[in-house]
Every structure is written in C-alpha cells, then in structure tokens.
Amino acid sequence: MKISRNDTRTDSPTPQALHGQYLKAETVEDFRRNLAVINARIAAACHRVDRSADQIRLLPVSKTIDEAHIRLSYAAGCRFLGENKVQEAYQKWEAMQDLGDLRWSVIGHLQTNKAKRVARFADEFQALDSLRVAEALDRHLQHEGRSLDVLVQVNTSGEASKYGLPPAEVAGFLQELPAFSALRVRGLMTLALLSADSGRVRQCFIRLRQLRDQLRQQAPAAIGLDQLSMGMSGDFEIAIEEGATVVRVGQAIYGARATPDSLYWPTPAGAR
Ligand SMILES: *Cc1c(COP(=O)(O)O)cnc(C)c1O
C-alpha cells in the first residue's frame, strides 16, 4: 500500500512501517503542504488528550538533506532545525549564514572532541548523557561567551547499545549539572524503541514522562524539566498523547532518507 503525503490517518497499525514511503519534498509548496499535514496531525493528537497544540514544538530534522532543499524548507517557515551529526550541522550552519534567523539543534550523540564545534554554532543540544561532555561543552561555551539549552537523553527502551542514561541514573546526573553554568537544562529527550508494536513504543514515552514527574520533586532549582522531546515521523502522535513538548520530525517533512537509522544511533544486531 502506498501512502500519500496527504494521508492524515492516525489509525495505521504500524506507523513505523511507513518509513521509506515518504515522498521527497521538492518545492516550497511541497514543504508547506507537509508542514500543514503534520501540524494538523499534531492538533488532532492534542485534541484527543485535551492538550493545546501551542504546547508542542515541531523540530524539523534536516539530516542528510542538502542545502538547496533546506532553503526550500526555510522558505516554507522552518527556522529551527535538528541535525544528528555535528560535522554535517556545522557545515550547513556555515553555508547558510545569510539566513540570519535559522537556528540549529544537535540531537545526536556527541563526542567530547566535537564539543567545541557545538559550543560555537548550536542553540540547543538534546543528547546530553555524560559529565565529560557537559564539562567540555561548558568550558567551550564560557570561552565563546555563549550558553546552550540542553536536554538530557534517557534510554527508555532498555536496549543496551542505545545512547542515553539509564532512567535510574538521571537523578544523580541532574544534581551535577548546576556546576556548568553555560548549560541551561530544559528537560529530557528519548528515542523510543523502533518497533511496529505501538504499545511498546508508547511505554517508552510513558516511562520518560513518569521519570520527569518524579525528578521534579528532587531536581536542583536551576534545572528545568518542562521539555520532553520524544516522537519522530513514525510515532509523534503517540508521543504527544503521552506528554511530548518537542517532536523531532524528519522524513515526514523532507521525504524518505536513503540512509539507514543505524548510521545515527547504534542498533542491536538484527533488532530492526
Ligand atoms: C533522524 C532523527 C529523528 C527524525 O527521524 P524521522 O524518522 O526522520 O522523523 C529524530 N530524532 C533523532 C535523534 C534523529 O537522529
């Protein structure tokens, strides 16, 4: 079954099976239409659980997308883009300096030796999961005279090889973060299990929200926990139903990626 871009159904039994079927957006009109469809789906998901759509930030994810297509999405209104890999994001940032209000969120795992780059250009980092990276980012940010919004990445799926802190370690981690004054902690981020079983996907999102609710009782005052970044093209409606405030959507806006997800996060052999 081919799924058209305009399909607004929410009852697909296997939303993630749709990956690979998103048409590539080639014109500003395509982007406008894709964004309108996603915004309508966000609004519908909010409506189902009595939330307001203005509580949700749609973060378009432009990894693997070339500059020309990113410029089309900019023309359609995208101003804050998510990128998984620092090198790629940094090059795009440099190439599109003329778009003065275009901002970048790094949503992928970071090695300490790339912290300097992130400190230079990013406005947000969603995948903080080690004190070494926190320390390196803070040091370079101080040097640049900048600060950075950060989300702490939590491994809610229990997959051993996925990035992110185990839920039990997040409370202790948050206690350490006020020492890094250039980091403004805003909340938590997770990648759900990539599974056609929407019940198991939903459990990941529930786990993140419950963890956040617990942490609110004990986190240092300087630590913000309002933001929950969870949900991607295949599962953002479930995430919204479970409390997401940020959804990271790539393929449903830009079109299917040729590259497998295993390039962006480690996947247990054979799991997907
Ligand atoms: C690529 C990516 C996304 C978006 O995935 P899509 O399937 O393109 O919507 C979300 N989060 C992270 C961390 C990613 O790397």
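Whatever order the structure lists ligands and atoms in, that order sets their numbers, starting from 1. Bear in mind that the values here come from a model prediction, so they are computed numbers and not experimental data.
Every atom of ligand 1 is numbered from 1 in the order shown, and the set under 4.0 Å from a heavy atom of I107 is 11 (N), 12 (C), 13 (C), 14 (C). Ligand-side atoms of ligand 1 in range of V249: 9 (O), range being under 4.0 angstrom from any heavy atom. Residue G250 approaches ligand 1 through these ligand atoms, each under 4.0 Å from one of its heavy atoms: 4 (C), 6 (P), 8 (O), 9 (O).
When heavy-atom distances to ligand 1 are checked against a 4.0 Å cut-off, Q126 has no atom that comes that close, whether in backbone or side chain. Within the 4.0 Å heavy-atom criterion, the part of N84 lying near ligand 1 is the side chain and not the backbone.
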Run the side-chain donor-acceptor check on residues 174-187: report pairs under 3.5 Å with partners two or more places apart or on a different chain.
from: Q175; atom 1: NE2; to: Q218; atom 2: O; distance (Å): 3.2
from: S181; atom 1: OG; to: Q142; atom 2: NE2; distance (Å): 3.0
from: R184; atom 1: NE; to: D149; atom 2: OD1; distance (Å): 2.8
from: R184; atom 1: NH1; to: S147; atom 2: OG; distance (Å): 2.5
from: R184; atom 1: NH2; to: D149; atom 2: OD1; distance (Å): 3.1
from: R186; atom 1: NE; to: D149; atom 2: OD1; distance (Å): 3.0
from: R186; atom 1: NH2; to: D149; atom 2: OD1; distance (Å): 3.2

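Residue pairs meeting the salt bridge (Lys or Arg N to Asp or Glu O under 4.0 Å) criterion with at least one partner in residues 75-92, sequence neighbours excluded, are R79-D101, E83-K92, E88-K92.
The closest heavy-atom contact to atom 2 (C) of ligand 1, among the options M232, K63, R248, comes from K63.
With respect to K116 and E144, no salt bridge is recorded, no charged nitrogen being found less than 4.0 Å from a carboxylate O.
Judged by the 6.0 Å distance and 45° axis criteria, K63 is positioned over the aromatic ring of Y264.
Atom CZ of R216 has more than 12 heavy atoms from other residues, nucleotides or ligands within 6.0 Å.
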